[in-house]
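I have placed the structure first, in the form of structure tokens, so that the comments after it can refer back to it.
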Amino acid sequence: MTPLSPPHKNPPAAEPARAPHRGVQVLGEQGAEGRKAFFIEIEARPGQEEAVVQMLRDIRACVEAEPATGPWFAVRFSERRFAIFEAFPDLAGRQAHVDGGGGDIFRDVARMNAILAEAAQVHRVDVLMSKDYFSYCRDE
């Protein structure tokens, strides 16, 4: 009599293939007229951190030529997590930014899929209050 073979264990399930993201996910409403901003959360794929920093440099180069883009900051939370905060005087200024070079960078889905872990989370926000200068730099 042939001994029974041990019960066959199913091999571990392969990680499901992630569908490519589309570069950005826009959240929030356009809102009423007034000062506007974007707060954009970005996570780099492992090993793509420097490519994300270069992307941020590329976006900054674009916003330098945008008259309606005001304060603009790129920040890093951790090795792989970044964000952009950018402010505009009104809806038209924010839309001009979307239609410009920075928007073109986020519309490059192939580049975004290659360097981002998931779609960038673009939050449309209203600016309620601000301090637009450094105290020590204010002209008197």
Side-chain angles (χ1 to χ4, degrees):
M1 175 174 225
T2 308
L4 296 173
S5 47
H8 178 68
K9 289 186 177 182
N10 291 333
E15 196 173 308
R18 287 175 54 168
H21 53 75
R22 56 184 185 191
V24 300
Q25 179 182 18
V26 180
L27 306 165
E29 302 297 321
Q30 278 291 67
E33 193 56 65
R35 293 181 73 193
K36 300 296 175 184
F38 281 130
F39 178 73
I40 305 170
E41 298 177 87
I42 302 166
E43 184 176 346
R45 286 187 183 274
Q48 294 297 315
E49 298 83 5
E50 286 308 309
V52 169
V53 171
Q54 183 59 54
M55 178 194 69
L56 295 171
R57 285 187 194 108
D58 295 345
I59 294 170
R60 182 174 185 270
C62 293
V63 301
E64 288 293 329
E66 296 175 357
T69 299
W72 186 93
F73 299 91
V75 298
R76 188 175 208 158
F77 294 112
S78 67
E79 182 179 353
R80 293 181 40 213
R81 293 194 62 236
F82 302 83
I84 298 171
F85 178 82
E86 49 198 1
F88 312 93
D90 51 27
L91 285 166
R94 186 167 69 184
Q95 189 59 46
H97 173 68
V98 169
D99 295 339
D104 288 342
I105 290 169
F106 278 110
R107 283 186 288 275
D108 183 347
V109 176
R111 181 181 186 185
M112 296 300 100
N113 284 346
I115 67 174
L116 300 184
E118 58 189 37
Q121 303 289 300
V122 179
H123 301 270
R124 293 180 184 135
V125 297
D126 294 331
V127 176
L128 300 179
M129 293 169 252
S130 66
K131 178 182 173 190
D132 293 335
Y133 59 86
F134 290 95
S135 298
Y136 61 85
C137 294
R138 190 170 65 162
D139 293 332
E140 298 200 25

Worksheet item: Taking all non-hydrogen atoms of both residues, which atom of Phe77 and which atom of Ala83 are closest, and how far apart?
Response: CE1-CB, 3.4 Å
Item to complete: Return the orientation label for the Phe38 and His97 ring planes: parallel under 30°, perpendicular over 60°, tilted otherwise.
Response: tilted
Item to complete: Would you mind reporting whether Phe106 and Val26 have side-chain heavy atoms less than 4.5 Å apart?
Response: no
Discussion item. Can you confirm whether Arg76 is buried at CZ, in the sense that more than 12 heavy atoms of other residues, nucleotides or ligands lie under 6.0 Å from that atom?
Written reply: yes
Response to the item:
Rounded to the nearest 0.5 Å, the CZ atom of Arg94 sits from the CG atom of Asp99 at a distance of 12.0 Å
Fill in: From Ile59 atom CD1 to Trp72 atom CH2, the distance as rounded to the nearest 0.5 Å
6.5 Å
Worksheet item: Between Val53 and Ile42, is there a shared hydrophobic cluster once you connect ILVMFWY residues whose side-chain heavy atoms come closer than 4.5 Å?
Response: yes
Practice prompt. Spell out, yes or no, whether Leu56 and Ile115 are grouped together once hydrophobic residues are joined by side-chain heavy atoms under 4.5 Å, including indirect joins.
Written response: yes
Worksheet item: Would the number of heavy atoms belonging to other residues, nucleotides or ligands and lying under 6.0 Å from CZ of Arg124 be above 12?
Response: yes
Practice prompt. Kindly work out whether a path of hydrophobic side-chain contacts (I/L/V/M/F/W/Y, heavy atoms less than 4.5 Å apart) joins Val122 to Val125.
Written response: no
Practice prompt. Any chance you could measure Arg107, atom CZ, to Met112, atom CE, to the nearest 0.5 Å?
Written response: 11.5 Å
Item to complete: Rounded to the nearest 0.5 Å, what's the gap from CD on Glu41 to CZ on Phe85? Could you check?
Response: 13.0 Å
Discussion item. Tell me whether Arg45 contacts the main-chain N or O of Leu116 through its side chain, where contact means a donor paired with an acceptor under 3.5 Å.
Written reply: yes
Practice prompt. Enter the distance from Ile105:CD1 to Gln54:CD here, rounded to the nearest 0.5 Å.
Written response: 9.5 Å
Discussion item. Between Met55 and Asp108, is there a side-chain heavy-atom distance shorter than 4.5 Å?
Written reply: no
Discussion item. Apply side-chain contact (heavy atoms from CB on, under 4.5 Å) to residues Gln95 and Gln30 and explain how you reach the verdict.
Written reply: CA-CA 10 Å; Gln95 189 59 46; Gln30 278 291 67; 4.1 Å; yes
Worksheet item: Between atom CG of Asp126 and atom CD of Glu29, what is the distance when rounded to the nearest 0.5 Å?
Response: 10.0 Å
Discussion item. If we ignore hydrogens and angles and just use 3.5 Å, is the side chain of Glu49 paired with the main-chain N or O of Ala44 as donor and acceptor?
Written reply: no
Worksheet entry | Ala68 to Phe88 - nearest heavy-atom pair and separation | O-CD2, 3.4 Å
Fill in: Heavy-atom closest pair, residues Gly100 and Glu66
CA-OE2, 4.4 Å
Worksheet item: Where is the tightest heavy-atom contact between Leu91 and Glu33, given as atom of each residue plus distance?
Response: N-OE2, 3.1 Å
Discussion item. Which heavy atom of Gln121 sits nearest to which heavy atom of Leu27, and what is that distance?
Written reply: OE1-CD1, 3.3 Å
